[in-house]
Amino acid sequence: MPRYLSLIRIEESDALAGGPSPELIQRMEKLMEEMTKAGVLLDTAGLTPTAQGTRVHYEGGRISVTDGPFTETKEVVGGYSLLQAKDLAEAVEWTKRFLKVHEDHWTVTCEVRELMEG
């Protein structure tokens, strides 16, 4: 079965403004347990804030390194989920369920892409 990476993009200010509520964490844990039992969720994790990150950029044969925070970035990758599903449609359905556990004040976008195997 194909594997899909769901890149979880968030408005970093949402996460920094108190982080996820206990209710959100509870709903997330329940969904993750269901996805694991269904054999869909292979791995998942959140990422630390951009203030704790470093960007390494390559252009024109040169490498540059920039420490966070990255002020020009509003929307950031806040985490990921590695899914195994029969097709893209199934991976998207699970991703929709993930998005629906969030409260209305969150702005979350997931980009779901199939992994190239081989």
Do Y58 and V65 sit in the same hydrophobic cluster, where Ile, Leu, Val, Met, Phe, Trp and Tyr count as joined when their side-chain heavy atoms come under 4.5 Å apart? yes
Value rounded to 0.5 Å, distance of CD in E23 from CZ in R27: 7.0 Å
Spatial distance of atom CG (L82) from atom CG (L42) [nearest 0.5 Å]: 4.5 Å
Could you give the distance from CD1 (I10) to CH2 (W106), rounded to the nearest 0.5 Å? 5.5 Å
Report yes or no: do M28 and L41 belong to one cluster of Ile/Leu/Val/Met/Phe/Trp/Tyr joined by side chain heavy-atom distances under 4.5 Å? yes
Donor on one side chain, acceptor on other, T44 and S81, under 3.5 Å: yes
Take C110 and F98 through the test side chain to side chain contact (heavy atoms under 4.5 Å, CB included) and record every step on the way to the result. CA-CA 9 Å; C110 291; F98 166 78; 3.8 Å; yes
All pairs passing salt bridge (Lys or Arg N to Asp or Glu O under 4.0 Å) where residues 81-95 contributes a residue, at least two apart: E93-K96
Assigning hydrophobic clusters by single linkage (Ile, Leu, Val, Met, Phe, Trp, Tyr; side-chain heavy-atom cutoff under 4.5 Å), is V40 placed with M1? no
Trace of the side chain to side chain contact (heavy atoms under 4.5 Å, CB included) decision for T54 with T66: CA-CA 6 Å; T54 301; T66 307; over 6 Å; no
Linking I/L/V/M/F/W/Y whenever any side-chain heavy atoms sit under 4.5 Å apart, do V112 and V77 land together? no
Please say yes or no: joined through hydrophobic side-chain contacts below 4.5 Å, possibly via intermediate residues, are L99 and L47 part of one cluster? no
So for atom CD, which belongs to Q26, do other residues, nucleotides or ligands contribute more than 12 heavy atoms lying within a distance under 6.0 Å? no
Would E111 and R9 count as a salt bridge (Lys or Arg N to Asp or Glu O under 4.0 Å) if you check the C-alpha gap in whole Å, the side-chain angles of each, and the deciding distance to 0.1 Å? CA-CA 8 Å; E111 180 179 334; R9 298 182 185 276; 3.2 Å; yes
Side chains of E103 and S21: do they bring a donor and an acceptor to under 3.5 Å? yes
Test log, rule side chain to side chain contact (heavy atoms under 4.5 Å, CB included), inputs L31 and R97: CA-CA 8 Å; L31 178 61; R97 290 187 62 190; 3.9 Å; yes
Under 3.5 Å, side chain of Y4 to main-chain N/O of Q84, donor-acceptor pair present? no
Any side-chain to backbone donor/acceptor pair from R3 onto L115? Under 3.5 Å, distance only. no
Verify side chain to side chain contact (heavy atoms under 4.5 Å, CB included) between L83 and M35, making sure each step is shown before the conclusion. CA-CA 9 Å; L83 311 173; M35 292 174 75; 3.5 Å; yes
Before giving the answer on salt bridge (Lys or Arg N to Asp or Glu O under 4.0 Å), spell out for K37 and E33 the whole-Å C-alpha distance, their side-chain angles and the decisive distance to 0.1 Å. CA-CA 6 Å; K37 285 181 180 176; E33 182 179 330; 3.1 Å; yes
Measuring from I8:CD1 to T95:OG1, what's the distance to the nearest 0.5 Å? 8.0 Å
